[in-house]
Amino acid sequence: MLFQPNRFTQWMTSLLRFGLYVCVMLSVCVAESARPLTAQDNANDVVAVVNADPITRKTLSEESLRRYGEDVLENMVNRHLILQACKLQGIEVTSAEVREEIARVAQKFGLTMPAYLQLLQEERDIAPDQYSREIIWPMLALRRLVAAKVLVSENEFNQAFIAQFGEAVKCRLIMMASRADADSLHLQATQNPASFAQLAKQYSEDEASASVGGLIPPIRRYSGDSRIEEAAFALQDNEISPVMQLGDQWIFMQAVRRIGASTPSPQAMPSIREQITDRIRDQKMRGAATELFAQLQTEAQVVTVLGDAEKMQQHPGVAAIVNGQQVSIASVSAECVKRHGEEVLEGEINRKLLTQALRKANKKVSDPDLQKEVERAAISFGYIRSDGKPDVNTWMESILSDGKTTEELYIRDAVWPSVAVKKLVEESVTLTEQDIQQGYESAFGPRVEVLAVVLSDQRTAQKVWEMARDNPTDQFFGQLAEQYSVEPVSASNMGKVPPIRKHSGQLAIEREAFEMKPGDLSGIVVTGDKYIVLRCQGYTEPVVTDIAAVRTELIRDLTETKTNLAMNAKFEELKSSAEIDNFFVAAKELPHVARASEPRAK
């Protein structure tokens with residue numbers, strides 16, 4: 001067989017990629033079971049390969065630190081403060097205690113611990129180790145630190161018991177923002193107490209209670225504002241309280257009836273006492289822990305080095321100094337990678353794809369290109385000065401207003417990728433006269449006013465069509481939509497849907513709609529898995545009758561639309577045709593071997 005260089009090259013590339021994959025996976029496995037890797041080893045690790053071009057762990061760490069370093073460092077500093085306070089008092093929170101607390105929280109929601117942790121991962125994107133380390137451990141540590149300050153007194157228990165089982169007063173309430181209005185309504189209510197419910201329904205500004213004639217939940221002692229409790233318990237049935245100020249509102253109440261106290265059985269009292277005591281202790285602990293943490297932060301000597309060029313030069317490799325104890329940049333980077341590595345790596349893979357494509361097309365992204373894209377974004381979001389030019393300064397202020405995004409990150413993560421893809425497609429985007437004409441018809445031409453019924457099966461659609469044909473009125477058609485339509489807008493609006501325009505991307509519906517005259521019933525239009533019946537009500541008048549008046553605007557909008565479509569298609573093409581090995585994700589999915597004993601969390 002003749003020697004074929006291309007096939008040999010492909011075979012060698014595949015072999016090298018396979019070998020690299022095996023080497024990386026073996027290194028991961030060895031790292032899990034043997035010695036810890038040094039910082040240099042970690043820096044040289046390959047976490048992904050994009051078309052034979054590697055991305056190292058060093059790059060991933062730097063980019064993760066660049067985006068999330070400040071947030072992660074703040075969290076780590078807070079944990080250091082708590083840990084230092086625990087060491088000072090000889091307190092240790094073990095991993096077993098952390099697991100027990102997670103199980104207890106999961107039980108409150110009627111879930112097993114694995115199911116609860118999975119829910120956190122899926123719904124809030126919080127990994128189990130992050131939840132244990134950053135939420136549960138600090139909470140338990142703070143509770144232990146303030147445990148001696150949160151003893152429950154007998155008086156506190158008695159008040160909580162009365163609040164739960166004691167006598168209550170069922171009341172109606174009227175709330176007004178104006179004292180004069182409240183006094184006027186109060187006079188009417190006291191002259192005719194039987195009218196209180198109607199007055200509340202008609203005039204009270206507390207919408208929740210007004211809808212039910214002013215009724216509010218029963219008022220119990222030791223449950224809220226003592227002034228309101230005292231006023232309620234001072235009333236006889238149907239009696240009306242004086243007008244009282246509550247915040248910036250004015251209120252008065254009418255007693256409806258007394259609800260007697262309930263007496264638990266002696267057998268239930270031990271359990272009730274435990275529940276009430278635990279609840280009071282938890283409430284006091286939360287308050288005391290918050291106060292302690294605020295005190296730790298106030299009294300701490302924290303020097304933030306990360307992000308300060310001068311301090312970073314004075315303290316190389318240090319991210320912060322907490323009460324004399326250093327927090328290394330390496331540890332912050334590792335934490336950033338652990339939390340956000342997968343997301344950041346996805347961005348770096350995409351950047352690598354675009355860089356490779358630009359190189360292959362012999363194109364570059366320049367600073368003027370980036371500035372032009374920022375100006376375009378400002379205009380598209382309505383940031384325009386009085387002279388018609390983009391208001392870039394105000395636009396950038398809005399971008400940076402969250403306090404987390406920097407101008408560098410905005411340019412790197414949003415602007416540069418957009419410009420890069422645009423560079424790759426700019427020569428392929430063309431606008432024809434037909435495009436302009438269709439755009440004009442779609443944006444400014446007449447539209448068909450219709451009623452619609454959307455069905456999920458053909459049999460029901462046939463039934464509805466026959467009923468609409470036999471009773472050809474808008475009112476009856478609207479009732480059919482209300483009863484049968486599976487689409488929320490048409491069902492809730494008696495069949496009324498937005499007018500149908502030309503060139504909207506729904507060819508079958510457009511063709512049927514524009515062939516109808518007012519009062520006509522369409523055939524059954526099949527689109528996707530839905531069956532649609534339309535009734536024509538007429539046509540809208542064109543907004544603009546001269547295409548020349550909007551030609552410039554049309555060309556700009558259509559060019560941007562076609563460019564965006566081409567950009568999306570190009571990026572998907574780059575991703576689908578690329579050879580990408582993501583070892584970071586593969587390593588996270590490796591099964592972890594259970595160890596003989598687990599070290600305690602400190």
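Here the structure is a predicted model, which means the values were calculated and not measured.
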Extract all donor-acceptor atom pairs below 3.5 Å that involve side chains of residues 114-127 and protein atoms in other chains or at least two apart in sequence.
{"unit_1": "Y116", "atom_1": "OH", "unit_2": "Y131", "atom_2": "OH", "d": "3.0"}
{"unit_1": "Q118", "atom_1": "NE2", "unit_2": "E122", "atom_2": "OE2", "d": "2.9"}

Which atom pairs, one a donor and one an acceptor, fall under 3.5 Å between side chains of residues 230-239 and the rest of the protein, sequence neighbours left out?
{"unit_1": "E239", "atom_1": "OE1", "unit_2": "Q236", "atom_2": "N", "d": "2.8"}

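Side chains of L73 and E335 form no contact here, defined as non-hydrogen atoms less than 4.5 Å apart. In this structure the side chain of L534 reaches within 4.5 angstrom of the side chain of I509, judged on heavy atoms. Contact check for I136 versus M139: side-chain heavy atoms found under the 4.5 Å cut-off. R133 is not listed as a side-chain neighbour of V98, based on a closest heavy-atom distance of 4.5 Å or more. At least one side-chain heavy atom of R172 sits less than 4.5 Å from a side-chain heavy atom of V256. Inter-residue side-chain proximity for M269 and F161 is flagged as met; some heavy-atom pair is nearer than 4.5 Å. Counting heavy atoms from C-beta outward, I276 and R279 have side chains that approach closer than 4.5 Å. Side-chain contact between T277 and R281 is present, with at least one heavy-atom pair separated by less than 4.5 Å.
Counting only distance, with no hydrogens or angles, the side chain of S204 and the backbone of M175 share a donor-acceptor pair below 3.5 Å. Side-chain atoms of E510 come within 3.5 Å of backbone atoms of S504 as a donor-acceptor pair (strictly under, hydrogens ignored). Using modelled atom types, one side-chain atom of T540 and one backbone atom of R447 make a donor-acceptor pair closer than 3.5 Å. Between the side chain of Q462 and the backbone N or O of V464, no donor-acceptor pair lies under 3.5 Å. Of the possible polar contacts, one joining the S223 side chain to the R221 backbone as a donor-acceptor pair under 3.5 Å is found. The main-chain N or O of E482 is never found under 3.5 Å from a side-chain atom of S485 such that the two would form a donor-acceptor pair. Panel note: side chain S184, backbone A180; no donor-acceptor pair is recorded below 3.5 Å. Remark: side-chain polar atoms of H80 are paired, donor with acceptor, to backbone N or O of M76 under 3.5 angstrom. Formation of a donor-acceptor pair under 3.5 Å by the Q249 side chain with backbone atoms of L246 is not found in this model. Of the possible polar contacts, one joining the R535 side chain to the P472 backbone as a donor-acceptor pair under 3.5 Å is found.
Evaluation of the salt bridge (charged side-chain N to carboxylate O under 4.0 Å, His left out) test over residues 175-189, restricted to residues two or more places apart or in two chains, returns R179-D183. Evaluation of the salt bridge (charged side-chain N to carboxylate O under 4.0 Å, His left out) test over residues 158-168, restricted to residues two or more places apart or in two chains, returns E167-R258. For the salt bridge (charged side-chain N to carboxylate O under 4.0 Å, His left out) condition, no pair includes a residue of residues 455-471, sequence neighbours left out. Listed by first and then second residue, the salt bridge (charged side-chain N to carboxylate O under 4.0 Å, His left out) pairs involving residues 191-213 amount to none (not counting sequence neighbours).
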List the steps, then state whether side chain to side chain contact (heavy atoms under 4.5 Å, CB included) holds for T304 with E74. CA-CA 9 Å; T304 302; E74 182 181 358; over 6 Å; no

Is there a salt bridge (Lys or Arg N to Asp or Glu O under 4.0 Å) between R67 and E343 once you walk through the steps? CA-CA 11 Å; R67 287 161 179 77; E343 168 196 344; over 6 Å; no

Would you check, one step at a time, whether the test side-chain hydrogen bond (donor to acceptor under 3.5 Å, both in side chains) holds for Q479 with Q483? CA-CA 6 Å; Q479 292 171 354; Q483 182 176 356; over 6 Å; no

Please lay out, stage by stage, how T460 and Y531 fare under the test side chain to side chain contact (heavy atoms under 4.5 Å, CB included). CA-CA 9 Å; T460 307; Y531 300 82; over 6 Å; no

For N158 and Y222: C-alpha separation, side-chain torsions, deciding distance, then whether side chain to side chain contact (heavy atoms under 4.5 Å, CB included) applies. CA-CA 10 Å; N158 289 336; Y222 311 116; over 6 Å; no

Side chain to side chain contact (heavy atoms under 4.5 Å, CB included) evaluation trace for M467 with F476: CA-CA 9 Å; M467 288 190 291; F476 184 74; 4.1 Å; yes

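Of all the heavy atoms in A508 and V526, the pair that sits closest is CB-O, 4.4 Å. Here the closest non-hydrogen pair linking A168 and P218 is CB-CB, 3.9 Å. Minimum interatomic distance between S178 and W250 (heavy atoms only, all atoms of both residues): C-CD1, 3.9 Å. The minimum heavy-atom distance linking I228 with I219 is given by the pair CG2-CD1, 3.9 Å. Across all non-hydrogen atoms, the minimal contact from A468 to F477 is CB-CD1, 3.8 Å. Residue D391 comes nearest to A378 through the heavy atom pair O-CB, 4.4 Å, listed as atom of the first residue, atom of the second, then distance.
Of the charged side-chain nitrogens involved, at least one lies within less than 4.0 Å of a carboxylate oxygen, so that R339 and E134 count as a salt-bridged pair. Electrostatic pairing of R143 and E97 does not count as a salt bridge here, judged by no charged N lying under 4.0 Å from a carboxylate O.
The CD atom of Q325 sits 13.5 Å away from the CD atom of Q301 when rounded to the nearest 0.5 Å. Separation of atoms CD (Q84) and CG (N323) is listed at 4.5 Å; rounding is to 0.5 Å. To the nearest 0.5 Å, the span separating SG on C536 from CG on D474 amounts to 9.5 Å. Put simply, OG on S241 and CD1 on I251 are 6.5 Å apart, with the number rounded to the nearest 0.5 Å. For the atom pair L140 CG and E92 CD, the distance stands at 13.0 Å (nearest 0.5 Å). The CD1 atom of I500 lies 6.5 Å from the CE atom of M516; values are rounded to the nearest 0.5 Å.
Under the 3.5 Å distance criterion, with hydrogens and angles disregarded, no donor-acceptor pair is assigned to the side chains of K338 and Q130. Side-chain contact check for Y203 and Q188: no donor-acceptor pair (N or O, by modelled atom type) lies under 3.5 Å.
Around CD of Q458, the count of heavy atoms belonging to other residues, nucleotides or ligands within 6.0 Å does not exceed 12. Counted within 6.0 Å of CD on Q283, heavy atoms from surrounding residues, nucleotides or ligands total more than 12; the atom is thus considered enclosed.
V72 pairs in a side chain to side chain contact (heavy atoms under 4.5 Å, CB included) with only one of the listed residues (V77, L306, V332), which is V332.
Taking the six-membered ring where tryptophan is involved, the planes of W395 and Y410 are perpendicular, since the angle between them exceeds 60° and thus also 30°.
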